[in-house]
Amino acid sequence: MNAHPMPSDIDLPPGVRLEACPEPMVRLVVETPLASGHLYLHGAHVAHFQPAGHHQTLFMSARSQWARHKPIRGGIPLCLPWFGANPADPSAPMHGIARLTEWSLVSATANAAGEIVATLAMDSATNPPYPCPHPFKAIFTAVFGTTLTVSLEIENTGADTMPVSEALHTYLTVGDVRQVSIRGLAGCSFFDRLDDARTKTEGEAPITITGETDRVYLDTDADVVVSDPSLGREITVSKRGSASTVVWNPWIAKAAAMPDFGDDEWPGMLCIETANALGNAYQLAPGAKHTITTTLACGKL
Ligand code: TA6
């Protein structure tokens with residue numbers, strides 16, 4: 001794989017460094033009194049976030065591939081400018097090109113609250129991993145503090161209106177997915193990707209995971225709270241600019257079928273994805289921009 005060039009002209013605040021790890025990937029390492037974090041330039045991929053005094057928040061597979069044009073498995077993969085398969089091009093990569101792209105580091109600064117604000121940029125016209133029918137630019141921002149806030153802004157740089165679906169595909173670390181409960185989606189309609197893609201309505205009780213789960217909850221801007229008794233914590237996933245929330249766990253068979261995911265890793269993770277997918281996909285006019293944002297906050301149970 002061609003090495004990602006190590007940025008050399010960026011001033012970094014105390015507690016922030018760049019390193020090539022694993023070679024030749026380049027990551028921004030954050031280590032401050034508030035939190036630790038890792039942000040890879042490959043895919044603008046947050047792969048680690050641990051607020052002070054808490055267990056790590058993001059799951060990372062031990063089998064993740066670290067290669068050009070391959071997504072990192074875990075953390076927060078960026079799905080853009082399409083979520084899932086590209087309906088117009090079955091040969092296109094799953095979940096778009098943003099997570100496969102080498103992003104440029106624009107800045108890394110400390111704000112008045114002592115949080116680290118990292119900004120990255122990409123242009124689909126510059127060495128895309130796959131040709132996109134609609135050109136776009138994107139700006140990624142991660143704020144590492146006692147919470148983690150990730151924002152992704154897309155700009156339509158083409159002359160035509162472009163369809164967009166997207167997700168901040170967050171992999172949460174949980175102690176045992178069989179013991180977690182998920183609140184915030186009561187009464188929402190959802191698209192069950194495992195049941196002939198039927199649209200169903202969620203009940204009032206907290207959601208529990210008892211098998212492979214792959215649901216796109218639609219028309220919701222609600223916070224989602226994951227209660228994780230085995231780690232004695234809850235994680236609140238809040239969002240802006242998103243009308244869909246995806247809940248995913250591969251369970252046994254799908255975990256075994258993924259080459260970059262350990263067969264025994266499925267109990268330790270749960271995806272709660274901030275998205276605009278399926279019926280919440282949108283049309284972006286030439287020159288227009290749209291931003292999707294997710295914030296992860298950890299609390300003690
Ligand atoms: O967001 C859930 C999902 O669409 C699942 O269907 C599963 O495919 C998951 O994403 C992971 O996709 P990936 O392409 O990263 O293996």
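Index from 1, following the sequence. These figures come from a predicted structure and were not determined experimentally. Remember, it's 1-based here, ligands and their atoms both numbered in the order they're listed.
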**OP:** Please determine if E265 and R63 form a salt bridge, counting it only when a charged side-chain N lies under 4.0 Å from a carboxylate O.
**Re:** no
Original post:
Are a donor atom and an acceptor atom from the side chains of T109 and N111 found within less than 3.5 Å of each other?
Top reply: no
**OP:** Output every pair passing side chain to side chain donor-acceptor pair (under 3.5 Å) with a member in residues 243-261, not counting sequence neighbours, ordered by first then second residue.
**Re:** R73-D260, K239-T245, S244-N280
**OP:** Group every Ile, Leu, Val, Met, Phe, Trp and Tyr by side-chain heavy-atom contacts under 4.5 Å, then state whether I207 and V225 land in the same group.
**Re:**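 Result: no, two separate clusters.
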**OP:** Hey, can you tell me if W82 and Y130 have their rings parallel, tilted or perpendicular (30° and 60° cut-offs)?
**Re:**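 The rings of W82 and Y130 stand perpendicular, inter-plane angle above 60°.
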Enumerate, one pair per line, all nitrogen or oxygen atoms of ligand 1 lying under 3.5 Å from a protein nitrogen or oxygen, stating the separation to 0.1 Å; write 'none' if no such pair exists.
| from | atom 1 | to | atom 2 | distance (Å) |
| --- | --- | --- | --- | --- |
| ligand 1 | 1 (O) | H169 | NE2 | 3.0 |
| ligand 1 | 1 (O) | E273 | OE1 | 2.8 |
| ligand 1 | 1 (O) | E273 | OE2 | 2.9 |
| ligand 1 | 4 (O) | R193 | NH2 | 3.4 |
| ligand 1 | 6 (O) | D214 | OD2 | 2.6 |
| ligand 1 | 10 (O) | H95 | NE2 | 3.1 |
| ligand 1 | 10 (O) | H169 | NE2 | 3.1 |
| ligand 1 | 12 (O) | H95 | NE2 | 3.4 |
| ligand 1 | 14 (O) | R99 | NH2 | 2.9 |
| ligand 1 | 15 (O) | R73 | NH1 | 3.2 |
| ligand 1 | 15 (O) | R99 | NH1 | 2.8 |
| ligand 1 | 16 (O) | R73 | NH1 | 3.1 |
| ligand 1 | 16 (O) | R73 | NH2 | 2.9 |

**OP:** Only one of L41, V26, L105 passes side-chain contact (heavy atoms from CB on, under 4.5 Å) with M6; say which it is.
**Re:** V26
